[in-house]
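Below is one structure, written out as structure tokens; the observations come after it.
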Protein chains: 2
Amino acid sequence: MNPITSNKSSIDYGSIPGTVYLRDEFWSRYLELANDVIIPYQYDVLHDQAVNAEPSGAVRNFEIAAGRVEGEFHGWVFQDSDLAKWLEAVGYSLQIRPNPDLERRADELIDLIAEAQQPDGYLNTYFTIKEPGKRWTNLTDCHELYCAGHMIEAAVSYYQATGKDKLLGVMRRMADHIDSVFGPGDNQLHGYDGHQEIELALVKLYELTGEEKYLKLAAFFINERGTEPNYLRNEWEGRGRQGHFNPLPADRIDLSYLQAHKPVREQTEAVGHAVRAVYMYTAMADLAGLTGDEELLAACRRLWGNVVQKQMYITGGIGSTHHGEAFTFDYDLPNDTVYAETCASIGLIFFAQRMLRIEPNGEYADVMERALYNNVIGSMAQDGRHYFYVNPLEVWPQACSHNPGRQHVKAERQAWFGCACCPPNVVRLLMSLNRYVYTQRTNTLYVNLYIGSELTTELGGTSVSIRQQSDVPHGGKVRFELKPERQAKFALALRQPGWCSEMKISINGTLTKFSGLHSGYVMLDQVWNPGDIIEVDLSVETQLVYANPRVRADAHKAVIQRGPLVYCVESVDNGDLIASLQLNRQAGFKERSLEDLPLGSIAVETNGFRVSADDWEDSLLYRTEPPRSEAVRITAIPYYLWGNRGRGEMSVWLPVCEG
Amino acid sequence: MNPITSNKSSIDYGSIPGTVYLRDEFWSRYLELANDVIIPYQYDVLHDQAVNAEPSGAVRNFEIAAGRVEGEFHGWVFQDSDLAKWLEAVGYSLQIRPNPDLERRADELIDLIAEAQQPDGYLNTYFTIKEPGKRWTNLTDCHELYCAGHMIEAAVSYYQATGKDKLLGVMRRMADHIDSVFGPGDNQLHGYDGHQEIELALVKLYELTGEEKYLKLAAFFINERGTEPNYLRNEWEGRGRQGHFNPLPADRIDLSYLQAHKPVREQTEAVGHAVRAVYMYTAMADLAGLTGDEELLAACRRLWGNVVQKQMYITGGIGSTHHGEAFTFDYDLPNDTVYAETCASIGLIFFAQRMLRIEPNGEYADVMERALYNNVIGSMAQDGRHYFYVNPLEVWPQACSHNPGRQHVKAERQAWFGCACCPPNVVRLLMSLNRYVYTQRTNTLYVNLYIGSELTTELGGTSVSIRQQSDVPHGGKVRFELKPERQAKFALALRQPGWCSEMKISINGTLTKFSGLHSGYVMLDQVWNPGDIIEVDLSVETQLVYANPRVRADAHKAVIQRGPLVYCVESVDNGDLIASLQLNRQAGFKERSLEDLPLGSIAVETNGFRVSADDWEDSLLYRTEPPRSEAVRITAIPYYLWGNRGRGEMSVWLPVCEG
């Protein structure tokens, strides 16, 4: 089936307003950190000049491939993608704030990349330096199309920021080369990448250039995936069953790890490597939206449902096991042996954004918000220089050191990683966060996230500027100032977040009644005048949240949540033996500011219990007398801030009793 | 230091009475199963003739080594030890009950073993068939001395049963050969086995033959271990850092995995592979007892304390991680990712027995009993043909299948294992269980386990026959009938088990007051007459047991225990979602017989709660409304019987509330 030629269905793929600038107290700190600290720091890392970070080799690989220096390829087979993600982030950054010095550095790197491109358009430093002649022979493991995808995303971002088309030209040539190698033709490879990414990148290239061949190629990769005869299995057999990462011949190839175990339209459960999965779902949603492919949309809805209804941590983390960084099965959400890779939550945000373009539904935005405010920003230290790759919901630091089954969980953020996919992914998301606040469908502007921002778009036949002010996540006051160039009729759709039980809306000072929700949004569809003010009051309560009893790991436990923020308890506030704490369901919560953490963050306190180890000898493991329970004051802080005040125990889920 | 020449200290190494026959309702079933089913079944397995079991190759390897057939070595490098353990068990079996057919089969195998012995006394089929010329070049991995140790144990057992010394002669020649290769001499290897076992076997050989050289060799291996320059590290460096199991050169050798990271006298914490550790501690205790080495005894006490006070599951399982089948660190006792290998608990029982010989203390017997009645017999299915290698305390069968971090845990016992160390180890322990009931120190007989048995020994200068009848573990009535050949003064020391709060003792029908406990034993030290009857009434209560709050995994939980039996709950009695159950600390227990499980086993019922999933949609992961809690009747069964009624969830620890 060629989706390009399928009959246009009822699917209307909404748009992302192009001109949005974030002006938000909470997020501006992150954007400044990204601009002022992380992007320069990552530049140093990519150039092997950062202190306390493992050498990346990424830039040097390009220098070698370009013939500027001699040397050996260094790093992972997908090392190129680190530079690509950085350039993509730089593009977003330059869109927000001009920075001639940064732009000059980026231009220099783009010159280098162009030099590393081969005469036929091919671009990949690993196969240029280390295994020339082996191009496209191990799609399963070698990330060639994945790296190309990231560089295409960088090219699109950098062009949109600067209007400079050098990298775009490089990557169009690479895309054209790929298009010549892959496709349905007899003389073409019918393969697809083991790590999805090229698909969503080609959609971006199509959206920028209007060139249908890129959309067709994305659809080819998606449609071909998992069909029989299975390309990746055949490729593996042809290689003598050897892999890139494990040169010993293997008994089997786990196609579900690659989501290539069956055609994507037949997939009903999220399986395998979580990042690959959500990158694929993102591209599937793009294709469904752009081509009107209802069958693909049905698969997206099913897979979305499986992820968020059965396999998502309350922090928006996905991937329950570090073995293959993968999904496991429904309701299996262990908090201590968790994976919940940062990149996977970022991919889930991509997927949610695409689904919001297809069909406005507050649930997509709820998940996006959950992943963003908890898993994703929690992965980064407040200094911007240290990151979690794995985002646990329960940490006992000694276990991370001394129990090998927990060693993938780190009790402290690391300066950088040998596999440095997450930090640049965080930065590119942060720098492009303006693309996640709103979606638009003709005359309706959907407010998906309450993040202070300035927007200009076309609504009701006129240009409208809108200024959003918001004190989410700490508070629930949001204010919109509308400036249509002239009076106009259009709709503002304001999401009622899942965490918000009551939403009050005033228009020009008058409390407005609204009649129910439309898929999670309040529709304010009326004639607007320049200077109209909408004030929204979202109730922000501290509340206990419970998990479906089918989640064994969370039985008899609860989480403290306040607004979009999931809370956790740490040793630094509560002493060691965090597992000994118990919440009292009847106790209320008291909020207080957190002096030792930034930005007026809010801690909550509550009365609970602690099972005391004081009267229990160190040398006695078991006894019939119950441990003494004592009343304690429990202090919880937002999960995203954990681990910023030294090493200690942490838990998101806490046992709860009736009091 | 040569322990043989150290000054005799105050240590008096007690003895194991030689003539003990079990006559016990509970255990006779196991002994019959072992005799009638398991030993014949294992014979078939060793001969690759068992249905539904992986081929062992053990006997065939000997046939190849003996030159009877041609072929390739099959199985693990330590495959010989399976045959050795089987022969050892056969020896014990023949001591209990003559069986000419079995003895003939064993004799045939011994003939085969003798044929496989090399002219210089060396015996090991792997190095004879597969790597001739590589003897003693990889002590770290290759289990040569370990296999020799097991065959020595078999030789001792078989000689004691039959008086036939063919295998004993074979293994003395092998021991003499080892003694020529290893030792302090300049022309000798200063090494020791990566997997301890030879040490305790050499002690047995010494105890049987009185040959001090075997004791000295055992002491050499123990004393050399972990000293610098480290033999195993040097050996590994010399091999190009390659291992037998992983041919790729490694960055480091984990000497603590082998308990060779420091001299044994300096070791304070149980580390590394759990079976190796407890086998080593057993030999250390043997040596301390036999040579009066106080320093070694102090190390034994320290290591014992660390294991049972900090690293032992309530089932007597040890080893918290499957990575290296190893100890992790203090209080780290996860119930779901547990290892608790059957062999490790068996080794712990060996260690306890040796400590009981050194110094009577009820704590040693408590641990022995705990490991025996829970972990060890729980490893075996009621049909005797299926075994657990890993003995989990919490099982969610789908997680065992679909979460790779849980896949070492099996929800059902397996017919046999590729690495079949556990089943023959269980059998040899069962068949020699008569050696764990009593220890003797001159005129005091210590009753360590309440297991029906008949004993004849020398006490108070005369031969005394004692008949013990017991309905432990189901009940607490124990009866001793004493038959000294003539009136005699001696002491009977009756252990008050840790689980027993009240112990009543009647002598010839008269309730006896006893003055306190001596290290956990009631001392009945008096003049005894033929026909004296001692009746003991041990209180057997169903009670809740709690874990030290430092054990994070068991916080807010309790275990049901009745007598020595730890209980668990299973889906078959309680439905799925075992994690949703909660005990009520105030509720009582009702005992009832278990019709569908053997031997009048006792289930206990109690009122508790269940978090209901009924009013919670499958498709909703999180919500603010707490799940409904409903009163339920909870049924628990003895842990050792779990998994005998189909596949389902199981948990030993259950959340507990005040009700």
Side-chain angles (χ1 to χ4, degrees), chain A residues 305 308-310 312 314 320-324 326 328-329 331-332 334 336-337 396 398-399 401-405 501 543-553 555-556 558-559 561 577-580 582 585 611-613 616-627 649 655-658, chain B residues 305 308-310 312 314 320-324 326 328-329 331-332 334 336-337 396 398-399 401-405 501 543-553 555-556 558-559 561 577-580 582 585 611-613 616-627 649 655-658:
Chain A
V308 308
Q309 296 164 6
K310 309 275 177 80
M312 182 184 69
I314 197 163
S320 296
T321 179
H322 66 290
H323 296 272
T328 57
F329 66 103
Y331 306 116
D332 183 41
D336 51 355
T337 57
W396 181 13
Q398 284 134 290
S401 311
H402 293 103
N403 186 319
S501 60
Q543 49 195 349
L544 292 181
V545 179
Y546 302 85
N548 190 313
R550 295 167 186 89
V551 181
R552 275 71 169 171
H556 310 287
V559 157
Q561 190 174 312
L577 278 179
I578 287 296
S580 72
Q582 191 171 37
R585 187 174 291 161
V611 166
S612 174
W616 196 309
E617 293 164 67
D618 283 9
S619 61
L620 181 66
L621 259 184
Y622 306 108
R623 74 181 194 198
T624 53
E625 189 193 340
E649 295 179 43
V656 65
C657 75
E658 292 294 340
Chain B
V308 308
Q309 295 165 6
K310 309 274 177 80
M312 182 183 70
I314 196 160
S320 297
T321 178
H322 67 290
H323 296 272
T328 56
F329 67 104
Y331 307 116
D332 183 41
D336 51 355
T337 58
W396 180 13
Q398 284 134 292
S401 312
H402 292 103
N403 185 319
S501 60
Q543 49 195 350
L544 292 181
V545 179
Y546 302 86
N548 189 314
R550 294 168 187 88
V551 181
R552 274 70 170 173
H556 310 289
V559 158
Q561 189 172 311
L577 277 179
I578 287 295
S580 73
Q582 191 171 36
R585 187 175 289 161
V611 166
S612 174
W616 195 308
E617 294 165 66
D618 283 9
S619 60
L620 181 65
L621 260 184
Y622 306 108
R623 74 181 195 196
T624 53
E625 190 194 341
E649 295 178 44
V656 65
C657 74
E658 292 292 341

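Chain letters run A, B, ... following the sequence lines, proteins first, then strands; residues in each count from 1.
If you tally non-hydrogen atom pairs under 4.5 Å between each of A:G324, A:P404, A:A326 and chain B, the highest count goes to A:P404. Contact count against chain B (heavy-atom pairs under 4.5 Å) is highest for A:D618 among A:D618, A:D336, A:I578, A:T624. When each of A:T337, A:V559, A:D332 is checked for heavy-atom pairs under 4.5 Å with chain B, A:D332 comes out on top. Note: B:H556 leads B:H556, B:R623, B:E649, B:Q398 in heavy-atom pairs under 4.5 Å with chain A. With chain A as partner, the option from B:P549, B:S580, B:A579 having the largest number of non-hydrogen pairs under 4.5 angstrom is B:P549. Top candidate by heavy-atom pairs under 4.5 Å with chain A, chosen from B:A547, B:P627, B:A555, is B:A547.
With a threshold of 4.5 angstrom between heavy atoms, B:L577 approaches chain A through its backbone and through its side chain. For A:P655, the part sitting under 4.5 Å from any heavy atom of chain B is the side chain, from C-beta outward, and nothing else. At a 4.5 Å heavy-atom cutoff, the contact between B:E617 and chain A is made by backbone atoms alone. Only the backbone of A:S612 comes within less than 4.5 Å of a heavy atom of chain B; no side-chain atom from C-beta onward does. In this structure, chain B has heavy atoms under 4.5 Å from both the backbone and the side chain of A:I314. In this structure, the portion of A:E625 lying under 4.5 Å from any heavy atom of chain B is its backbone and not its side chain. Contacts of A:V308 with chain B are made by backbone atoms alone, with heavy-atom separations under 4.5 Å and no side-chain atom involved. Looking at A:V545, both its backbone and its side chain come within 4.5 Å of chain B, counting heavy atoms on both sides. With a 4.5 angstrom heavy-atom cutoff, A:Q543 touches chain B only via side-chain atoms. When heavy atoms are compared at a cutoff of 4.5 Å, B:V611 approaches chain A by way of both its backbone and its side chain.
Between the OG atom in B:S320 and the NE2 atom in A:H402 there is a gap of 13.0 Å [rounded to 0.5 Å]. From A:R552, atom CZ reaches atom CH2 of B:W396 across 4.5 Å, with rounding to the nearest 0.5 Å. With rounding to the nearest 0.5 Å, the separation of CD in A:Q309 from OH in A:Y331 is 8.0 Å.
Of all non-hydrogen atoms in A:C657 and A:Q582, the two that sit nearest each other are CB-NE2, 3.6 Å. Here the closest heavy-atom approach between residue B:T321 and residue A:G405 is recorded as OG1-N, 4.4 Å.
Within the 4.5 Å cutoff, the side chain of B:Y546 has heavy atoms near those of the B:V656 side chain. For the pair A:M312/B:L621, a side-chain contact is recorded, criterion being any heavy-atom separation below 4.5 Å from C-beta on.
A distance-only check finds a donor-acceptor pair linking the side chain of B:R550 to the backbone of A:W616 [under 3.5 Å].
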